[in-house]
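Take a look at the structure set out below.
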Amino acid sequence: QVQLVESGGGLVQAGDSLRLACAASGRTVGTSHMAWFRQTPGKVREFVALISQSGSTTYSADSEKGRFTVSRDNAKNTVYLQMNSLKPADTAVYYCALSIYYASTSRGDYRYWGQGTQVTVSS
C-alpha cells in the first residue's frame, strides 16, 4: 500500500548541486518520519538525514549538515534532500525510507523503502 518513488539522481561534477525527491503514496509524509540513507558497494547502508513528523531534522555529520538539507512539501506529499557542494565521496545509491513509529537513524526502524537512486559525483 505504501510506495516511495525517488527521482533527481544523476551524474554531476564536484561542486554541483542535486535535489532528490521522494514522492509517497499510501501514507501522508506529514504524519510520518522520513529519512534518507545511502550505500556504496561493499559498505553498509548508512544514515544521511531525517525529518520527523514534527518537522525536526537530524543529519549524520557536521559536514553533511552544512551541505545537505532535508525538507518536505505536505501539499505534494513529497520529501526532498537538497545536496550542495557535492564531493566524490558523496557518490552512492540514495534511499528514501518511511517509519510510522520511530524518528530514527537506524535502518531496522524503517518499514518502507524506495527503490534507490544513483548519485555519481566526478572529480
[X] vs [Y] side-chain heavy atoms within contact, under 4.5 Å:
{"X": "Asp90", "Y": "Val119", "answer": "no"}
{"X": "Phe68", "Y": "Gln82", "answer": "no"}
{"X": "Val12", "Y": "Leu18", "answer": "yes"}

Please check this pair: side chain of [X] against backbone of [Y], looking for a donor-acceptor N/O pair closer than 3.5 Å.
{"X": "Arg45", "Y": "Arg38", "value": "no"}
{"X": "Ser99", "Y": "Asp109", "value": "yes"}
{"X": "Glu6", "Y": "Cys96", "value": "yes"}
{"X": "Ser32", "Y": "Thr28", "value": "yes"}
{"X": "Thr78", "Y": "Lys76", "value": "yes"}

Go through it in stages, so that I can follow the logic: the residues are Trp36 and Val70, the test is side chain to side chain contact (heavy atoms under 4.5 Å, CB included), and I'd like the CA-CA distance, side-chain angles, deciding distance and then a yes or no. CA-CA 8 Å; Trp36 290 93; Val70 63; 3.9 Å; yes
Distance from [X] atom [atom1] to [Y] atom [atom2], nearest 0.5 Å?
{"X": "Tyr59", "Y": "Thr69", "atom1": "OH", "atom2": "OG1", "answer": "4.5 Å"}
{"X": "Ser25", "Y": "Gln3", "atom1": "OG", "atom2": "CD", "answer": "4.5 Å"}
{"X": "Ser7", "Y": "Gln115", "atom1": "OG", "atom2": "CD", "answer": "8.5 Å"}
{"X": "Thr31", "Y": "Asn74", "atom1": "OG1", "atom2": "CG", "answer": "8.5 Å"}
{"X": "Leu98", "Y": "Tyr110", "atom1": "CG", "atom2": "OH", "answer": "8.5 Å"}
{"X": "His33", "Y": "Tyr102", "atom1": "NE2", "atom2": "OH", "answer": "10.0 Å"}

Is it true that the side chains of Gln118 and Thr120 contain a donor and an acceptor less than 3.5 Å apart?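 A pair is found: one side chain offers a donor N or O, the other an acceptor, under 3.5 Å apart.
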Could you please spell out the steps behind the side chain to side chain contact (heavy atoms under 4.5 Å, CB included) verdict for Asp16 and Val121? CA-CA 8 Å; Asp16 287 350; Val121 184; over 6 Å; no
Check the pair Met34, Leu4 against side chain to side chain contact (heavy atoms under 4.5 Å, CB included), reporting the backbone distance first and the verdict last. CA-CA 11 Å; Met34 306 293 299; Leu4 306 175; 4.2 Å; yes
So is Arg27 actually on top of Tyr112's ring, under 6.0 Å and inside 45° of the axis?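 No.
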Is there a side chain to side chain contact (heavy atoms under 4.5 Å, CB included) between Leu20 and Met83? Walk through the geometry before answering. CA-CA 8 Å; Leu20 307 182; Met83 303 186 294; 3.8 Å; yes
Would you check if the distance from the ring center of Trp113 to the ring center of Phe37 is below 6.0 Å?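 Trp113 vs Phe37: aromatic centres under 6.0 Å.
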